[in-house]
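All residue numbers in this chain count up from 1 along the given sequence.
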Amino acid sequence: LPDDPRIVDSTGALELHPLPKSMLVVGGGIIGLEMACVYAALGTEVSVVELTDSLMPGTDPDLIRPFMKVVKKRYKAIMTSTGVTGMRATPQGIEVDFEGDNAPPTTTYERVLVAIGRRANGDRLAADRAGVNVDDRGIIKVDKQMRTNVPHIFAIGDLAGGPMLAHKATHEAKVAAEVAAGEKSFFDARTIPSVAYTDPEVAWVGLTELEAKANGIEYEKAQFPWAASGRALALGRDEGFTKLLFDKATGRVLGGAMVGPLAGDLIAEVGLAVEMGADATDISLTIHPHPTLSETVAFSAEAFEGTLTDLYLPKRRKK
């Protein structure tokens with residue numbers, strides 16, 4: 001990449017001034033899309049390029065469809081299955097070359113945000129001087145108490161591997177502090193929620209359909225469209241849906257996901273259901289306030305049980 005201040009990473013994107021008229025976001029993952037959402041809302045003409053065939057790679061495809069329906073109207077271009085082959089700094093902006101079956105011609109952008117992933121920086125801390133083992137990816141291996149190979153030194157967050165999420169790091173920090181204080185604490189989370197703070201938000205927790213299919217896990221799915229939610233209709237945001245995945249044998253909640261405003265807040269209920277080993281009945285018989293988006297979680301459970309009255313869904317669970 002050219003050494004040019006007009007090419008930034010996600011940290012630099014928080015400090016851009018003045019607001020660019022046009023921006024290319026290289027990388028259609030969560031970080032890139034969150035920044036794209038911010039700049040588009042501020043009036044920048046945003047384009048996104050992603051090497052794989054879908055935005056948010058690794059996310060269940062059904063979650064991306066309603067997201068795409070919304071954002072493709074807001075962005076100048078969303079280029080999937082497209083690679084960037086070169087960038088050149090010019091007085092007018094950053095000139096970018098593309099490749100792929102549907103690649104556009106060389107285009108100039110006022111700013112370019114490179115958001116193709118982050119890595120742990122354990123290898124930059126000179127931790128080896130304290131005897132702490134760090135692998136070639138900058139990750140420090142820890143046990144369930146967040147201890148490194150040096151028992152009185154702990155590591156949390158991105159350094160400790162796993163999902164690079166702030167809420168995971170916070171939970172690990174509590175464990176590390178408690179263990180350091182002599183308590184018998186362990187990091188034993190059954191699942192960690194993921195949220196794309198875009199508009200609409202995309203959130204999921206526990207088992208995903210892609211994981212289930214990849215690992216041969218049998219599951220049943222039930223979902224409720226927000227087009228049938230009174231609250232979503234009142235908000236003028238009916239593009240989303242809520243889905244729950246259940247164990248075929250026990251009916252217990254294995255995971256869930258949703259797309260729409262405040263999905264990141266709503267997903268916590270599904271996370272609790274997974275942690276507590278709740279089944280569809282536990283959720284459906286819990287009275288949810290009306291009219292709220294939280295009802296869509298209960299309605300999905302009712303759809304699984306065949307007790308839903310808010311929408312006719314003929315496909316019912318086999319008793």
Side-chain angles (χ1 to χ4, degrees), residues 59-60 62-67 69-70 165-168 170-171 189-209 211-212 219-319:
T59 306
D60 284 348
D62 61 343
L63 300 176
I64 302 304
R65 284 191 287 271
F67 174 80
K69 187 176 180 180
V70 173
L165 300 170
H167 43 274
K168 189 225 28 161
T170 300
H171 195 91
R190 183 173 293 183
T191 185
I192 301 171
S194 296
V195 183
Y197 295 101
T198 48
D199 182 24
E201 291 185 7
V202 182
W204 63 95
V205 69
L207 184 71
T208 68
E209 291 194 75
E211 290 171 343
Y219 69 96
E220 290 188 11
K221 176 176 74 171
Q223 68 183 54
F224 185 84
W226 285 21
S229 161
R231 185 58 180 270
L233 291 171
L235 292 171
R237 297 297 301 271
D238 64 351
E239 70 272 7
F241 67 90
T242 296
K243 72 172 177 179
L244 297 176
L245 304 184
F246 299 91
D247 185 294
K248 263 193 170 184
T250 66
R252 288 189 173 182
V253 182
L254 298 176
M258 52 200 68
V259 183
L262 303 177
D265 295 84
L266 299 172
I267 201 64
E269 179 179 354
V270 183
L272 179 62
V274 174
E275 285 284 349
M276 297 297 292
D279 59 20
T281 303
D282 293 322
I283 297 176
S284 66
L285 293 183
T286 299
I287 298 176
H288 290 63
H290 173 79
T292 63
L293 296 174
S294 70
E295 286 180 299
T296 64
V297 179
F299 292 156
S300 296
E302 290 179 6
F304 175 73
E305 291 197 304
T307 60
L308 180 64
T309 57
D310 286 67
L311 180 67
Y312 176 63
L313 294 174
K315 186 176 180 181
R316 294 188 173 188
R317 178 190 177 196
K318 294 180 181 179
K319 297 291 185 181

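Smallest separation of non-hydrogen atoms from Ser284 and Glu305: OG-OE1, 2.7 Å. When all heavy atoms of Gly255 and Val270 are compared, the pair lying nearest together is C-CG1, 3.9 Å. Between Gly206 and Thr191 the shortest heavy-atom distance is N-OG1, 2.8 Å. Shown here for Ala203 and Ala263, the closest heavy-atom pair between the two residues is CB-O, 3.6 Å. In plain terms, the two heavy atoms of Phe304 and Ala280 that are nearest each other are CD2-CB, 3.4 Å. Taking each heavy atom of Ile192 and Leu165 in turn, the nearest pair found is CG2-CD1, 3.9 Å.
Rounding to the nearest 0.5 Å gives a distance of 7.0 Å between CE of Met258 and CG of Leu244. With rounding to the nearest 0.5 Å, the separation of CD in Glu295 from CG in Asp310 is 7.0 Å. Rounding to the nearest 0.5 Å gives a distance of 15.5 Å between CD1 of Ile64 and NZ of Lys69. Here the NZ-CG distance, from Lys243 to Asp60, works out to 3.5 Å after rounding to the nearest 0.5 Å. Rounded to the nearest 0.5 angstrom, Phe299 CZ and Thr242 OG1 are separated by 10.5 Å. One distance of note links CZ of Phe246 with CG of Leu254; it measures 9.0 Å at 0.5 Å rounding.
Panel note: side chain Glu275, backbone Arg190; a donor-acceptor pair is recorded below 3.5 Å. Remark: side-chain polar atoms of Thr296 are not paired, donor with acceptor, to backbone N or O of Phe224 under 3.5 angstrom. The main-chain N or O of His288 is never found under 3.5 Å from a side-chain atom of His290 such that the two would form a donor-acceptor pair. A distance-only check finds no donor-acceptor pair linking the side chain of Arg231 to the backbone of Leu293 [under 3.5 Å]. A distance-only check finds a donor-acceptor pair linking the side chain of Asp279 to the backbone of Thr281 [under 3.5 Å].
Counting only heavy atoms from C-beta outward, the side chains of Trp226 and Pro261 approach each other to under 4.5 Å. Side-chain contact check for Asp62 versus Glu209: some heavy-atom pair is nearer than 4.5 Å. Here the side chains of Leu266 and Glu201 are not in contact, with every heavy-atom distance at 4.5 Å or above. Ser194 places none of its side-chain heavy atoms less than 4.5 Å from the side chain of Thr59.
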*Evaluate the side chain to side chain contact (heavy atoms under 4.5 Å, CB included) criterion for residues Glu269 and Ile283: first the C-alpha distance (whole Å), next the side-chain angles of each, then the deciding distance (0.1 Å), finally the verdict.*
CA-CA 9 Å; Glu269 179 179 354; Ile283 297 176; 4.1 Å; yes

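Counting non-hydrogen atoms of neighbouring residues, nucleotides and ligands closer than 6.0 angstrom, the CZ atom of Arg237 exceeds 12 such neighbours.
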